[in-house]
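Because the structure is a prediction, the values reported are computed rather than measured.
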Amino acid sequence: MPYCEVGKTQNAVDAALNNGIQIYYRTYGHGPIKVLLITGLAGTHDSWGPQIRGLAGTDRANDDETMAVDRESDGANNEVGGIEVCSLDNRGMGRSSVPTKKSDYSTRIMAKDAIALLDHLGWKKAHVFGHSMGAMIACKMAALVPDRILSLALLNVTGGGFECCPKLDRKTLSIAIRFLKAKTPEQRAAVDLDTHYSEEYLEEFVGSDTRRVILYQEYVKGITASGMQSNHGFEGQINACWRHKMTRAEIDLIRSGGFLVSVIHGRQDVIAQINHARRLAEKLQPVARMVEFHGGHLVTHERTEEVNQALLELIKASEMKMSPHDWNNFPKKRSGVTEASNRTTVERETSIIIAKIHVFLVYLISLFMTAFKYGRSSLQRLKPVRVGASSPK
């Protein structure tokens, strides 16, 4: 089985902290162009299936003994040439190690896992694409080793912390409650569909069934095969998302790293709100391009062809050494225009205040739900005392 022992390629301090940690990965396709795919919260390496097929030209792993060796044809169906793709299970999920301490999970720690994987593979540089939590990890990785990044794609990303909280409305509140209650693959599959896709996409008919019906069956099968994420893994990865923050110095390291960035997002994402992604893309100027599609949190599956094309365009632009001026699609700022700038600053401050109120409300709701959960379980443990009728004297 393809595993990377994280501590083997790290310095003494990191190696001591990661002693025994193994990261599971698969590679696909062959070619001089290397792409590392980092998945999101509770996701496994095969979450990138549509992108693996679109980039590498195959979804059969290189370590599959039944694979016919045909390296010449790999990547021939795209416009940039041969691509080798690597996708991994982050610590806490899938076949990778599951540390039990929350302190063993952070986006910085998981970025170092990814760097160790590059060393293990012998890849000096790579195009690094991350989705959701994986995009947070990719940001940290780009700030840690900017000289090893050929390009950076951040899909359905937020800035961590309060930005991880979904928009507070009846729909997302219902999703959150169902998610916390989900104990079986069937329950988890039902809530994952509403989390990952836009409602319009799920209700479209494919033949005689809606996509919801078809995807539900696939999700149940997939979750049953991989197993539900352990409590340690889930709590650890949640902790990593909540603690994630990109400092100004880290943002500057990415901006000056000499590589192009694509921030790709679905407009109907109920988990990672698109305004946070837009704000990050603006901070990464002049090297970032903002790409928006009609779709939900898993826009990589909902708009596969468009997302794959955007990723190939990023690779092609990077290989051609396109200048940031020609790459980014943000309006050029005019000197002397202060009114719009001041208005933007006020809007940002207002959005931050609203977001903090939002977090407070989410916190109160979570406290209520926790109290309700434990209160109900306590009542269920209480056994009524039967009092028999008193005998006549």
Side-chain angles (χ1 to χ4, degrees), residues 1-10 15 18-40 42-78 80-99 110-131 133-134 137-138 141 148-150 153 218 221-227 229-230 233 300-301 304 308 311-312 315:
M1 301 295 281
Y3 284 97
C4 164
E5 293 188 24
V6 174
K8 277 193 172 182
T9 61
Q10 294 182 327
N18 292 312
N19 185 32
I21 298 295
Q22 293 185 319
I23 299 299
Y24 180 80
Y25 69 93
R26 306 297 292 273
T27 59
Y28 307 82
H30 301 276
I33 299 172
K34 311 299 183 183
V35 176
L36 180 66
L37 303 176
I38 308 177
T39 193
T44 55
H45 65 280
D46 49 7
S47 300
W48 286 101
Q51 284 62 55
I52 291 170
R53 290 188 291 273
L55 297 174
T58 180
D59 57 2
R60 184 166 290 180
N62 292 338
D63 61 298
D64 188 340
E65 295 179 356
T66 64
M67 182 182 68
V69 179
D70 184 13
R71 300 192 176 191
E72 296 299 323
S73 62
D74 286 345
N77 61 336
N78 65 56
V80 297
I83 298 176
E84 183 176 5
V85 173
C86 177
S87 184
L88 67 142
D89 292 348
N90 289 310
R91 62 169 63 197
M93 187 55 193
R95 298 180 182 179
S96 291
S97 298
V98 183
M110 288 189 275
K112 290 184 177 181
D113 290 345
I115 295 169
L117 179 55
L118 288 190
D119 294 335
H120 174 80
L121 293 170
W123 292 4
K124 293 182 178 180
K125 295 186 177 185
H127 300 271
V128 178
F129 303 160
H131 177 265
M133 181 188 74
I137 297 169
M141 183 179 178
R148 300 186 67 173
I149 309 298
L150 293 173
E218 293 177 1
K221 182 179 178 180
I223 295 170
T224 302
S226 62
Q229 187 176 22
S230 70
T300 48
H301 288 230
T304 295
N308 288 353
L311 295 176
L312 287 170
I315 294 173

Looking at C86, is its backbone amide N or carbonyl O close enough to the side chain of H45 to form a donor-acceptor pair, meaning the two atoms are under 3.5 Å apart?
no
For R95, does its backbone N or O pair with a side-chain atom of D89 as donor and acceptor, under 3.5 Å?
yes
Can you tell me how far CG of L150 sits from CG of L36, rounded to the nearest 0.5 angstrom?
11.5 Å
Can you name the closest pair of heavy atoms from [X] and [Y] and give their distance?
X    : Y    : answer
L121 : Y25  : CD2-CE1, 3.7 Å
V6   : A116 : O-CB, 3.8 Å
L118 : A126 : CD2-CB, 4.1 Å
V98  : M93  : CG2-N, 4.4 Å
P2   : R26  : CG-CD, 3.8 Å
I52  : D59  : CG2-CA, 4.2 Å

For D119, run the salt bridge (charged side-chain N to carboxylate O under 4.0 Å, His left out) check against R148, K125, K124, K8 and tell me which one passes.
R148
Do [X] and [Y] have side-chain heavy atoms sitting under 4.5 Å apart?
X    : Y    : result
S96  : L88  : no
L311 : V35  : no
M110 : M133 : yes

Chi angles and distances behind the side-chain contact (heavy atoms from CB on, under 4.5 Å) call for D113, N90:
CA-CA 8 Å; D113 290 345; N90 289 310; over 6 Å; no
